[in-house]
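See structure below.
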Amino acid sequence: MTHTFPSRGRAAVLPRSRSLLHAMAGVLLYLLLTAFAHAHGVAEGDKGYIQEISGTHLLPFTYLGAKHMVTGYDHLLFLAGVIFFLYKLKDIALYVSLFAIGHSVTMLYGVYAGVNVNAYLIDAIIGLSVVYKALDNLGAFQRWFGVQPNTKAATLIFGLFHGFGLAAKIQEFEIARDGLLPNLLAFNVGVEIGQLLALGAILIAMGFWRRTAGFFQHAYTANVAMMCAGFMLIGYQLTGLFVS
């Protein structure tokens, strides 16, 4: 689902767009600095706890799943892009469900089957998903190529890559094989809980924002900022891939 931004009156809203861009740049800088500090890592306390236990521990893994999603800036950026121009609850539910199905399948498969994926490469693809969704929201594919990609299929496919990203993080915990499947299911439940909590906060903020007169002009700036953040994530992860 895309939206074509109006070009008329763009100059009149430039000062407000600049102010919004500065604010977003600050937020994105904070997120990226946080990413640099914690890239591919898990909290040492969480990692130590998981390494010391074995057997089924549903509540701790549910908590870890929710924590990872709520603090997963890359997942949340993509999710925010997906729902950016979705107004009907049924449409939001459909797209979020497709994303959830995608990342659940590959997360569970990746960890349970012991699939080793390069975390830097997967995270670079996740950054690419953010760029794609921002460009889609800007209507770039229609203007450049005269075609509109299937947004539902794209959400599902990128969800699969996000799931491999989750799997790479879980494998860092070095989880015991004893009780692995129920613990993974609990982690996935936690991810969905965290996703719903984050989604609720995003929707509340979007609801207030959409009521403002300059929403569409500001939305243009926001998606450009989102695209830039995606490119920065790609560049950072590829740098990590080549120097690691």
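Hydrogens, waters and symmetry mates are skipped; everything else that's a heavy atom, side chains included, is used. Being a predicted model, the structure only gives us computed values, none of them experimental.
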Item to check | Nearest non-hydrogen partners of Asn150 and Ala153, listed with the distance | outcome: OD1-N, 3.0 Å
Item to check | Euclidean distance, Leu128 CG relative to Leu135 CG, rounded to 0.5 Å | outcome: 9.5 Å
Item to check | Separation of Leu108 CG from His103 NE2 (nearest 0.5 Å) | outcome: 10.0 Å
Checklist entry - Are the side chains of Leu138 and Tyr220 in touch, meaning some heavy atoms are under 4.5 Å apart? => result yes
Item to check | No-hydrogen, no-angle side-chain donor-acceptor test under 3.5 Å, His218 and Thr212 | outcome: no
Checklist entry - Does the ring of Phe216 carry Arg210 above it, NZ/CZ under 6.0 angstrom from centre and within 45° of its axis? => result no
Item to check | Hphob cluster co-occupancy, Val191 + Val70, side-chain heavy atoms under 4.5 angstrom | outcome: no
Item to check | Closest approach of Val111 to Gln171 (non-hydrogen atoms, all atoms of both residues) | outcome: CA-NE2, 4.2 Å
Checklist entry - Shortest non-hydrogen contact from Glu192 to Ser104? => result OE2-OG, 3.3 Å
Checklist entry - If you take all heavy atoms of Ala167 and Thr106, which pair is closest and at what distance? => result CB-O, 4.2 Å
Item to check | Side-chain (Asn223) to main-chain (Ala219) donor-acceptor, under 3.5 angstrom | outcome: yes
Item to check | Co-membership, hydrophobic cluster, residues Phe78 and Leu196, 4.5 Å side-chain | outcome: no
Item to check | Sub-4.5 Å side-chain heavy-atom contact between His75 and Leu166 | outcome: yes
Checklist entry - Mind checking whether His162 and Phe158 have ring centres under 6.0 Å apart? => result no
Next on the checklist: If you define the side chain from C-beta out and look only at heavy atoms, does anything of Lys169 sit under 4.5 Å from Met107?
Outcome noted: no
Next on the checklist: Is it the case that the ring center of Tyr132 lies less than 6.0 angstrom away from the ring center of Phe141?
Outcome noted: yes
Checklist entry - Does the side chain of Ile126 reach to within under 4.5 Å of the side chain of Leu233, using non-hydrogen atoms? => result no
Checklist entry - Which heavy-atom pair separates Leu98 from Thr155 by the least distance, and what is that distance? => result CB-CG2, 4.3 Å
Next on the checklist: Within the 4.5 Å heavy-atom criterion, are Gln237 and Ile122 side-chain neighbours or not?
Outcome noted: no
Item to check | Smallest separation among heavy atoms of Leu76 and Ile202, with atom names | outcome: O-CD1, 4.3 Å
Next on the checklist: Membership question, hydrophobic clusters at under 4.5 Å side-chain separation (ILVMFWY): are Met227 and Trp144 in the same one?
Outcome noted: yes
Checklist entry - For Ile175 and Phe187, what are the C-alpha separation, side-chain angles and deciding distance, and is it a side chain to side chain contact (heavy atoms under 4.5 Å, CB included)? => result CA-CA 12 Å; Ile175 303 173; Phe187 186 91; over 6 Å; no
Checklist entry - If you draw the axis of the six-membered ring of Phe208, does the NZ or CZ of Arg211 fall within 45° of it and under 6.0 Å from the ring centre? => result yes
Next on the checklist: Looking at Asn137 and Gly81, would you say the former's side chain and the latter's main chain have a donor-acceptor pair under 3.5 Å?
Outcome noted: yes
Checklist entry - Got a second to check how far Leu64's CG is from Leu59's CG, nearest 0.5 Å? => result 11.0 Å
Checklist entry - In the single-linkage hydrophobic clustering (I, L, V, M, F, W, Y; side-chain heavy atoms under 4.5 Å), do Ile125 and Ile157 co-cluster? => result yes
Item to check | Minimum side-chain heavy-atom gap Val130-Met226 below 4.5 Å | outcome: yes
Checklist entry - Roughly how far apart are Leu180 CG and Ile170 CD1, rounded to 0.5 Å? => result 9.0 Å
Checklist entry - Can Phe99 be reached from Ile92 by stepping across I, L, V, M, F, W or Y side chains whose heavy atoms are under 4.5 Å apart? => result yes
Item to check | Atom pair CG/CZ of Asp136 and Phe85 - distance to nearest 0.5 Å | outcome: 10.0 Å
Checklist entry - Between Leu199 and Leu203, is any pair of side-chain heavy atoms under 4.5 Å apart? => result yes
Item to check | Point-to-point distance, once rounded to the nearest 0.5 Å, from CG of Asn188 to OG1 of Thr62 | outcome: 10.0 Å
Item to check | Identified side-chain contact (heavy atoms from CB on, under 4.5 Å) partner of Tyr95 from the options Val82, Leu79, Ile83 | outcome: Val82
